[in-house]
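Only one structure is covered here, and it is reproduced in the block below.
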Amino acid sequence: MTAPLILSTWSFGRAANNAAWPYLVDHSKSSLDAVEQACRHCEADPKNMTVGYGAYPDRGGQISLDASIMLSPAWCGAVAYVRRFMHPITIARLVMEHTEHVMLAGEGAEQFALRHGLEPSELLSDASREAWQKWIDEHGGVAHANIEESAVDDDNHDTIGALALDCTGVLAGACSTSGLAWKLPGRVGDSPGIGQGLYVHPKYGAAVATGTGELTMGICATHLAVESMRQGATPQQAVEAVVQCAIDNYELRENHQVGIIALSPGGQWGSAALRGGFRVAVRSEVRDELVEPGRVFIPA
Ligand code: SD4
């Protein structure tokens with residue numbers, strides 16, 4: 001028997017962990033159910049403006065969602081650019097369990113969700129529309145906002161990423177996001193990318209990343225973390241190596257952020273962030289708290 005554990009990204013990860021916890025301790029459920037539930041909780045929360053319903057839209061005023069879920073290299077699923085369904089994580093799980101593919105995107109992913117009985121819904125809330133209008137006004141109107149400048153602003157990125165270990169010792173991971181607020185229409189980040197936003201290997205460990213996807217995609221951040229663990233690094237050493245790799249490979253801007261968590265099959269974990277602000281929500285039989293990452297490379 002393994003001690004069950006769930007780790008989630010950012011402050012809202014605490015509520016996500018609590019929504020997931022019953023699935024980790026119920027012996028008929030699993031770590032896979034738990035990480036899916038953690039994401040579903042955030043996807044349905046209109047106050048969370050970076051995941052699911054009520055998220056910040058792209059600069060064209062439309063929300064598009066990305067998600068992935070993973071148990072092993074042979075068991076993973078992802079969706080990108082979902083615009084009419086509140087729970088992309090569930091579509092990602094359906095892709096994993098009911099197709100021979102790993103990722104479906106856009107219209108095809110939505111048709112697939114419909115065929116599997118999921119209900120389409122409007123993703124824009126009044127608050128998302130108002131936030132978009134404010135951003136457009138501040139950026140000189142829609143025409144100006146369409147130029148291809150950086151889509152990254154302060155406080156516009158937060159993805160729910162969850163890693164869990166259940167009492168049978170099975171590791172699972174999931175992440176779900178609306179991507180970067182005010183992104184260019186069509187932009188997809190790291191979250192649905194297996195090995196970018198999420199990677200799980202049953203023997204070596206799991207990792208999930210959040211922050212500016214453009215800093216984690218080119219270094220295959222979560223695969224790098226798990227590969228380091230395969231080669232003997234502790235989870236903490238592994239996540240630090242990933243953030244250092246991002247620092248070494250990109251010209252950093254002030255609003256760039258990377259947060260990463262890694263979990264070993266034995267329940268040892270580590271976390272790191274490029275800058276302050278990132279938090280890890282931890283839930284186990286003896287803990288339910290929000291903690292600072294093990295290392296912040298550029299403290300505020
Ligand atoms: C993305 N990594 O689309 C996501 C956004 C995110 O914290 O994680 N924000 O780039």
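Source: prediction; values computed, not measured. Whatever order the structure lists ligands and atoms in, that order sets their numbers, starting from 1.
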Note: heavy atom closest to atom 10 (O) of ligand 1, options Gln257, Glu214, Arg187, belongs to Arg187
- Item | NZ or CZ of Arg14 within 45° of Phe12 ring axis and under 6.0 Å | no
Counting from 1 in the order shown, the ligand 1 atoms closer than 4.0 Å to a non-hydrogen atom of Gly179 are 3 (O)
task: Work out whether the distance between some heavy atom of Gly197 and some atom of ligand 1 is less than 4.0 Å.
output: no
side-chain hydrogen bond (donor to acceptor under 3.5 Å, both in side chains) assessment of Gln196 paired with Thr216: CA-CA 6 Å; Gln196 299 178 353; Thr216 52; over 6 Å; no
- Message: Is there a path of hydrophobic side-chain contacts, each under 4.5 Å between heavy atoms of I/L/V/M/F/W/Y residues, joining Leu24 to Leu7?
- Response: no
*Can the ring centres of Trp10 and Phe278 be said to be less than 6.0 Å apart?*
yes
So for Lys183 against ligand 1, with non-hydrogen atoms under 4.0 Å, the contacting part is neither
query: Hey, is ligand 1 close enough to Thr177 that some N/O pair sits below 3.5 Å?
result: no
(request) Determine, for Trp21 and Arg283, whether the Lys NZ or Arg CZ falls below 6.0 Å from the six-membered ring centre while staying within 45 degrees of the axis. (result) yes
What do you reckon, does Ala209 have a nitrogen or oxygen under 3.5 Å from a nitrogen or oxygen of ligand 1?
no
Ligand 1 to Asp190 polar contact by distance, N or O atoms, under 3.5 Å
yes
Looking at ligand 1, does any of its N/O atoms fall within less than 3.5 Å of an N/O of Gly189? no
d(Lys183 NZ, Gln62 CD) to nearest 0.5 Å is 10.5 Å
| Between Gln257 and Thr212, is any side-chain donor less than 3.5 angstrom from a side-chain acceptor? | no
If we number the atoms of ligand 1 from 1 as shown, the ones under 4.0 Å from a heavy atom of Ser191 are 2 (N), 4 (C)
